[in-house]
Q: 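Dumping the structure here so I can ask a few things about it.
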Amino acid sequence: MNGDERAEALRPGEAGAETAHPTEPIPRVAGPAPTPPFGGDGSSGDPTETTQPIPVFGRVVDEARPEQHTEVIPQVAESHGDGTAESPETTRDEGGSGKQSLLRASGSMAVATLVSRITGFGWKLVLAYTVGFGVVNDSFTVANTLPTSIFELLIGGVLTSVIVPVLVRAQKSDADGGRAYVQKLLGAAGLVLAVGTLLSMLLAPALVWLYMGDGDKASPELATALAYLLLPQIACYGASALFGALLQSKRVFGPPAWAPVVNNVVILVTLVIYRALPGELTLNPVRMSDAHLLTLGIGVTCGVLAQACVQLPALRRTGLSFRPRIGWDSRLSEFGGMTLWMLGYVGVSQIGLLSLSRVATASDPGAWSIYNYTWMLLQLPYGVIGFSVMTAILPRMSAAAADRDHARMIDDLSLGNRMSTVSLLPISAMMTALGVPMAVALFSVRDGSGSTEQLGIALAVSAFGVLPFAITMMQMRAFYALKDARTPTLIMVVMTVVKVLMAVAVGALVPSGDVVVALTFTNSFTFVVGSLVGELWLRHRLGPLGSGRFLDTLGRTLVASVAGAVLAWLVSRALHGVLPAGPVTGWAQLVLGGVTGLTAVFGVMWLLRVSELRPAFDRITGLLRRR
């Protein structure tokens with residue numbers, strides 16, 4: 001699972017970014033519509049407003065609704081550096097200063113997320129430069145997948161979906177301010193995490209076998225050795241997520257947002273130490289005493305531990321008690337049905353992950369790591385742009401769903417899909433045209449050009465999935481806004497069936513050297529299936545979705561994107577013909593081809609009068625006229 005906005009995936013060390021493993025994120029369950037920070041119902045009641053968002057540096061800004069910049073968490077207020085937060089009442093009473101406090105808090109979280117993604121991407125690049133694309137990277141990737149997968153199966157889905165609203169209500173309604181409830185929550189979560197971590201470590205060889213099999217193209221021995229060192233992350237992830245939920249319930253957002261950056265920095269330091277060690281990691285035999293093995297495993301786990309511990313000072317300043325209490329509170333199972341469907345979502349997605357992992361690790365050394373790096377690159381546009389679009393739209397959809405105003409909800413869903421189209425489809429087209437130069441520029445590692453070119457081809461072949469992925473995630477959130485956790489799980493079942501069948505066919509029919517390309521295509525294609533199935537189910541639930549307007553925007557943007565991609569490819573080929581092969585040429589192709597192609601895309605979109613970009617075009621032309 002790629003997993004919330006943490007599921008957009010709690011990737012180890014990335015705030016709300018992608019998971020360590022390339023499966024579908026768990027969309028956050030939208031609880032009751034949050035109280036708008038500025039009063040009212042969160043909308044002006046004028047449906048025409050929803051058609052005029054203004055794209056600004058990757059964020060969708062509707063100037064009439066600044067509250068859209070926040071997460072769907074009740075009563076968002078400013079988080080101070082000392083770990084305290086202004087009360088919602090204070091921010092409202094101060095009028096304009098309340099709006100500024102909210103926007104500053106939201107801006108801080110946005111910056112933290114961006115820094116987290118950059119540093120997370122950075123350590124993956126350093127890992128590729130350090131160990132290359134091969135057996136070591138494959139083994140590490142499988143072993144580092146296990147903690148996040150098991151954590152999500154244990155309590156990750158619960159923490160993602162239901163804990164914060166329950167904590168807020170407990171703090172408001174309980175005579176002790178929710179102290180006893182928090183202590184029971186800590187006790188229950190700690191017990192589950194401790195038992196889960198211990199059992200996982202005992203079963204490490206079996207877990208590795210599930211993901212890798214015992215083929216001769218991979219090293220189950222190395223993956224198992226790394227798993228023993230990495231599986232304690234389960235408890236660390238649980239502590240980090242729980243601490244973050246407690247802080248969010250106290251309207252303190254800074255430490256949870258920046259904690260993954262600390263994780264990434266620790267991993268970067270670990271990889272620097274790894275590179276400085278003499279010799280190489282031994283594969284035959286694999287020894288637990290190997291300094292390289294211990295440095296990589298313990299260092300990465302320490303990164304997740306640091307992600308949890310860095311939140312403790314802020315938690316202490318909130319006055320929360322850390323003394324766990326054994327006992328059960330009925331509110332811990334208040335959303336039991338929804339939680340079970342969330343866990344079903346996680347479990348089903350793991351089946352798809354297993355099928356891809358086993359086929360990849362049995363085919364070609366390095367195939368699984370190449371697959372993961374390809375997925376990481378595909379998620380970047382969504383993480384920087386698509387997720388911002390969703391963050392802006394989600395409060396409006398949640399408010400409309402709470403009001404049972406399906407017409408307004410359909411308008412917001414259509415707006416989100418159209419904004420995702422005009423922002424992500426051009427980037428998807430550039431990735432298709434410039435996949436190989438991008439891979440050469442970023443990943444010219446010690447294994448030579450073969451793996452790099454394979455990664456670039458995989459990126460080009462699968463880039464079409466960026467927009468369907470964003471649309472599928474938007475649809476999932478629409479169902480969760482309707483308090484329907486069942487349908488997203490059923491959609492995941494359909495996607496997983498398609499993924500497993502295609503993965504089996506790839507393993508049986510495709511030559512080993514081309515398996516990773518076919519698997520990346522398979523993953524992207526399942527999002528096409530998911531978006532179509534989600535469309536049908538939403539139509540059944542809400543009625544006609546106004547697809548004509550979306551298809552019109554899609555058609556115009558597609559024409560512009562194809563034109564820009566062709567021009568970018570021609571520029572890239574021309575540079576390839578006159579410059580020597582290598583990373584410098586790759587960067588030249590990527591930069592010149594990308595700038596030329598994107599300029600052409602938005603020029604054609606302007607000629608075709610794509611209405612979703614009109615406010616941005618009007619601002620640009622207005623600035624030019626002033627000069």
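No experiment lies behind these values; they were computed from the predicted model shown.
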Q: If you look at every heavy atom in Ile234 and Phe151, which pair is closest and at what distance?
A: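 Closest heavy-atom pair between Ile234 and Phe151: O-CD1, 4.1 Å.
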Q: Taking all non-hydrogen atoms of both residues, which atom of Val466 and which atom of Leu424 are closest, and how far apart?
A: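 Reported closest heavy-atom pair: CG1-CB, 4.2 Å.
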Q: Is the side chain of Thr472 donor-acceptor paired with the backbone N or O of Phe527 at a distance under 3.5 Å, no angle test?
A: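 Yes, Thr472 side chain to Phe527 backbone: donor-acceptor pair under 3.5 Å.
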Q: With no hydrogens and no angle check, is any side-chain donor or acceptor of Asp403 less than 3.5 Å from a backbone partner on Asp405?
A: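 No; zero donor-acceptor contacts below 3.5 Å.
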Q: So Thr553 and Arg556, side-chain contact (heavy atoms from CB on, under 4.5 Å) or not? Walk me through it.
A: CA-CA 5 Å; Thr553 299; Arg556 294 170 190 249; over 6 Å; no
Q: Centroid separation under 6.0 Å, is that true for the rings of Trp375 and Tyr382?
A: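 No, too far apart.
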Q: Between atom CZ of Arg117 and atom CG of Leu380, what is the distance when rounded to the nearest 0.5 Å?
A: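 It comes to 7.5 Å.
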Q: When you look at Ile150 and Leu231, which way does the side-chain contact (heavy atoms from CB on, under 4.5 Å) test go after all the steps?
A: CA-CA 9 Å; Ile150 296 168; Leu231 281 169; 4.0 Å; yes
Q: Quick one: does Ser357's side chain have a donor or acceptor within less than 3.5 Å of a partner on Leu353's backbone?
A: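 No.
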Q: So, do Val533 and Met495 sit near enough that their side-chain heavy atoms are less than 4.5 Å apart?
A: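 SC-SC contact between Val533 and Met495 ruled out.
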Q: So do Gln233 and Asn144 actually touch side chain to side chain, heavy atoms under 4.5 Å?
A: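 Yes, close enough: below the 4.5 Å cut-off.
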Q: Any heavy-atom pair between the side chains of Pro426 and Thr557 that's under 4.5 Å?
A: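 When only atoms from C-beta onward are counted, Pro426 and Thr557 do touch, with a gap below 4.5 Å.
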Q: Go through it in stages, so that I can follow the logic: the residues are Tyr345 and Gln350, the test is side chain to side chain donor-acceptor pair (under 3.5 Å), and I'd like the CA-CA distance, side-chain angles, deciding distance and then a yes or no.
A: CA-CA 9 Å; Tyr345 183 106; Gln350 289 301 306; over 6 Å; no
Q: In Å, rounded to the nearest 0.5 Å, how long is the span from CD of Gln311 to CG of Leu247?
A: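 Gln311 CD to Leu247 CG: 6.0 Å, rounded to 0.5 Å.
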Q: List the atom of Met430, the atom of Ser561, and the distance in Å for their closest heavy-atom pair.
A: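 The answer is CE-O, 4.5 Å.
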Q: Measuring from atom CZ of Phe469 to atom OG of Ser524, what distance do you get when rounded to the nearest 0.5 angstrom?
A: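 Rounded to the nearest 0.5 Å, the CZ-OG separation comes out at 10.0 Å.
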Q: Ignoring hydrogens and geometry, is there a side-chain-to-backbone donor-acceptor pair from Ser414 to Ile410 under 3.5 Å?
A: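 Side chain of Ser414 to backbone of Ile410, a donor-acceptor pair under 3.5 Å: no, none is there.
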Q: Does the side chain to side chain donor-acceptor pair (under 3.5 Å) test come out yes or no for Arg539 and Ser547, once each step is laid out?
A: CA-CA 10 Å; Arg539 281 178 175 272; Ser547 300; 2.7 Å; yes
Q: Check step by step if side-chain contact (heavy atoms from CB on, under 4.5 Å) holds for Tyr211 and Thr361.
A: CA-CA 8 Å; Tyr211 283 83; Thr361 53; over 6 Å; no
Q: Can you name the nearest heavy-atom pair linking Ser420 to Met474, along with the distance?
A: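 Between these two residues, the closest heavy atoms are OG-CE, 4.2 Å.
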Q: Pair Val494, Thr526 - check side-chain contact (heavy atoms from CB on, under 4.5 Å), show working.
A: CA-CA 9 Å; Val494 175; Thr526 59; over 6 Å; no
Q: Determine whether Asn523 and Thr520 satisfy the following criterion, side chain to side chain donor-acceptor pair (under 3.5 Å), listing intermediate values before the conclusion.
A: CA-CA 5 Å; Asn523 190 55; Thr520 56; over 6 Å; no
Q: Quick one: pull up OG1 in Thr141 and CG in Leu146 and give me the separation to the nearest 0.5 Å.
A: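 Reported to 0.5 Å precision, the distance equals 11.0 Å.
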Q: Is it possible for you to check whether Arg358 lies under 6.0 Å from the centre of the six-membered ring of Trp368, through NZ or CZ, and within 45° of that ring's axis?
A: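 Relative to the ring axis of Trp368, which defines the angle, Arg358 lies outside at least one limit.
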Q: Do Leu538 and Leu413 have side-chain heavy atoms sitting under 4.5 Å apart?
A: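 Result yes, sub-4.5 Å side-chain heavy-atom pair found.
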Q: Where do Thr496 and Gly352 come nearest, in terms of heavy atoms and distance?
A: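 For Thr496 and Gly352, the tightest heavy-atom pair comes out as CG2-N, 3.6 Å.
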Q: Quick check: do Leu378 and Ser462 have side-chain heavy atoms less than 4.5 Å from each other?
A: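 SC-SC contact between Leu378 and Ser462 confirmed.
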Q: Kindly say whether Thr145 contributes a backbone atom to a donor-acceptor pair with the side chain of Thr148 at under 3.5 angstrom?
A: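 Yes; judged by distance alone, with no hydrogens or angles, the pair exists.
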Q: Decide yes or no for Met502 and Val498: does some side-chain heavy atom of the first lie under 4.5 Å from some side-chain heavy atom of the second?
A: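 Yes, their side chains come closer than 4.5 Å.
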Q: Would a 4.5 Å heavy-atom cut-off, applied to side chains only, mark Tyr371 and Leu356 as touching?
A: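 Contact flag for Tyr371/Leu356 side chains = yes.
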Q: Check the angle between the aromatic planes of Phe521 and Phe464 and answer parallel, tilted or perpendicular using the 30° and 60° thresholds.
A: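 Plane angle between 30° and 60°, so tilted.
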Q: With rounding to the nearest 0.5 Å, note down the distance linking CE in Met476 to OG1 in Thr489.
A: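 It comes to 8.0 Å.
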Q: Can you name the closest pair of heavy atoms from Gln307 and Ser240 and give their distance?
A: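 Scanning both residues, the minimum pair turns out to be NE2-OG, 3.2 Å.
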Q: Side chains of Ile491 and Phe479: closer than 4.5 Å at any heavy-atom pair?
A: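 In contact.
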Q: Enter the distance from Leu551:CG to Thr421:OG1 here, rounded to the nearest 0.5 Å.
A: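 If I round to the nearest 0.5 Å, the distance is 9.5 Å.
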